[in-house]
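Here the structure is laid out as structure tokens; the discussion comes afterwards.
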Amino acid sequence: MENQNYKNHIRFYTPHHFVFLPLIIILEGIGIYKVFSDEKNQLLWILFSVVIFLIFYLAIMLRQHYALVLQNRIVRFEFRQRYFEIFGLRSDEVEEKLNFSQIAALRFAYDDEFKIFLEKALKENISGDQIKKSITKWRADLHRV
């Protein structure tokens, strides 16, 4: 992978995003098409389409939910650890003043910019997206899904 930055930091999981989900979408399209073209079995195709939609919905929601909840906890832990390493203090009061978007964005900044953007986030309440766009030397996170 080339150097990570704001434009390329989003990652895809090939089996999920480019195999499973397209297959489910194709099956849903077939089901909807058959609802209108096969009047004899219309109720069956409606049921088929509903079941495929529920599988699609669950696949997206469960995958995202489990992965993100765990990763969000790890990102918060990394923030606490990094804050302690840089400042030698607990981060409880600071962390309470930041939203998760800001905390998550700060992990892309190296220590010198981390300090600058942390101060801006606390004083000016800049968003996580603004932090990420302002980072000049991107600290890659190649492990987040």
Side-chain angles (χ1 to χ4, degrees), residues 1-36 41-87 89-145:
M1 178 182 207
E2 62 185 89
N3 287 336
Q4 191 181 62
N5 58 46
Y6 178 76
K7 293 180 181 174
N8 70 2
H9 77 287
I10 295 174
R11 293 182 58 189
F12 294 101
Y13 180 58
T14 301
H16 182 80
H17 290 103
F18 301 112
V19 177
F20 178 71
L21 291 180
L23 182 63
I24 290 292
I25 291 169
I26 289 168
L27 288 174
E28 185 66 16
I30 291 169
I32 291 170
Y33 171 76
K34 288 290 194 176
V35 165
F36 296 104
N41 296 310
Q42 188 176 37
L43 191 55
L44 183 63
W45 286 113
I46 289 171
L47 179 61
F48 174 84
S49 295
V50 168
V51 168
I52 294 297
F53 175 79
L54 291 175
I55 291 170
F56 175 73
Y57 180 78
L58 286 173
I60 290 173
M61 297 313 293
L62 287 177
R63 180 190 173 277
Q64 290 300 105
H65 176 72
Y66 291 145
L68 291 178
V69 167
L70 179 58
Q71 289 180 125
N72 291 352
R73 291 184 66 172
I74 292 169
V75 166
R76 285 185 180 281
F77 176 75
E78 288 172 345
F79 172 83
R80 291 177 193 133
Q81 180 65 31
R82 193 163 178 212
Y83 186 89
F84 182 78
E85 289 173 3
I86 292 171
F87 298 105
L89 302 168
R90 291 179 57 101
S91 64
D92 298 340
E93 290 179 26
V94 171
E95 188 179 356
E96 288 176 9
K97 296 175 183 173
L98 300 172
N99 62 47
F100 181 76
S101 173
Q102 293 167 316
I103 291 171
L106 286 167
R107 77 186 189 285
F108 293 114
Y110 280 97
D111 292 350
D112 53 339
E113 285 189 310
F114 177 90
K115 294 174 188 177
I116 293 166
F117 294 125
L118 175 60
E119 189 172 325
K120 282 187 175 186
L122 292 170
K123 290 183 178 176
E124 301 170 26
N125 198 30
I126 62 173
S127 71
D129 202 48
Q130 289 172 308
I131 293 170
K132 288 193 285 187
K133 286 178 180 176
S134 300
I135 294 172
T136 56
K137 187 177 177 195
W138 194 269
R139 184 174 172 249
D141 178 2
L142 303 174
H143 304 290
R144 187 167 168 95
V145 178

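Below, each value reflects all heavy atoms present in this structure, side chains not excepted, and no hydrogens, waters or symmetry copies.
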Tell me if the [atom1] atom of [X] is crowded by more than 12 foreign heavy atoms within 6.0 Å.
X      : atom1 : answer
Glu119 : CD    : no
Tyr33  : OH    : no
Phe53  : CZ    : no
Tyr57  : OH    : no
Leu54  : CG    : yes

*For residues Ser101 and Asp129, report the shortest heavy-atom separation together with the two atoms involved.*
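In terms of heavy atoms, the two residues are closest at OG-N, 4.3 Å.
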
Has the side chain of [X] got a donor or acceptor atom that lies under 3.5 Å from a matching backbone atom of [Y]?
X     : Y     : value
Asn8  : Asn3  : yes
Glu95 : Asp92 : no
Ser91 : Val94 : no

*asked:* Test side chain to side chain contact (heavy atoms under 4.5 Å, CB included) on Leu106 and Leu98; report intermediate values, then the result.
replied: CA-CA 11 Å; Leu106 286 167; Leu98 300 172; 4.3 Å; yes

Parallel, tilted or perpendicular: which one describes the rings of [X] and [Y], with boundaries at 30° and 60°?
X      : Y     : answer
Phe114 : Phe87 : tilted
Phe12  : His17 : perpendicular
Trp138 : His9  : tilted

*Are Arg139 and Asp111 within salt-bridge range, i.e. N to O under 4.0 Å?*
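Looking at Asp111 together with Arg139, the answer is no, because their closest N to O distance does not fall below 4.0 Å.
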
